[in-house]
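Read the structure below first, then the notes.
Residue numbers run from 1 in the order of the sequence given. As a basis for the values below, the full set of heavy atoms in this structure was taken, side chains included, without hydrogen atoms, waters or symmetry mates.
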Amino acid sequence: MLLVAILVLNPLGLDVLNAAFFSNEQLSRSIWQPIALIVIAMLLALVLLEWFLRTLVLKRRARRTTTA
């Protein structure tokens with residue numbers, strides 16, 4: 001999750017978001033929007049995978065300590 005924040009909030013990430021969604025030029029928006037949306041979807045998938053794995057590990061640790 002920290003990696004996602006770093007990637008989005010650095011100057012290059014902010015420029016890509018600006019070009020994709022807030023640019024006044026239609027050509028710039030049409031080029032950058034699909035790229036930005038794909039990257040956002042991939043980063044969201046990584047966050048969800050990290051969340052799932054962390055909850056899975058925590059549940060296994062909790063189950064292991066109660067049965068031992």
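Residues near Leu58 contribute nothing to a hydrophobic cluster around it, because no ILVMFWY side-chain heavy atom sits closer than 4.5 Å to its side chain.
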Return all side-chain donor-acceptor pairs below 3.5 angstrom for residues 20-27, not counting sequence neighbours, or 'none' if the list is empty.
| residue | atom | partner | partner atom | Å |
| --- | --- | --- | --- | --- |
| Ser23 | OG | Glu25 | N | 3.2 |
| Gln26 | OE1 | Arg29 | NH2 | 2.4 |

Give the table of side-chain donor-acceptor pairs shorter than 3.5 Å for residues 2-19, with sequence neighbours excluded, one pair per line with atom names and distance.
| residue | atom | partner | partner atom | Å |
| --- | --- | --- | --- | --- |
| Asn10 | OD1 | Leu12 | N | 3.2 |
| Asn10 | OD1 | Gly13 | N | 2.6 |

Name every donor-acceptor pair, under 3.5 Å, that has one atom in a side chain of residues 34-43 and the other anywhere in the protein, sequence neighbours excluded.
none

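For Arg54, the salt bridge (Lys or Arg N to Asp or Glu O under 4.0 Å) partners are Glu50, not counting sequence neighbours.
Considering CZ of Arg60 and OG1 of Thr55, their distance stands at 11.0 Å, rounded to 0.5 Å. Between Leu44 atom CG and Leu46 atom CG the span is 9.0 Å, to the nearest 0.5 Å.
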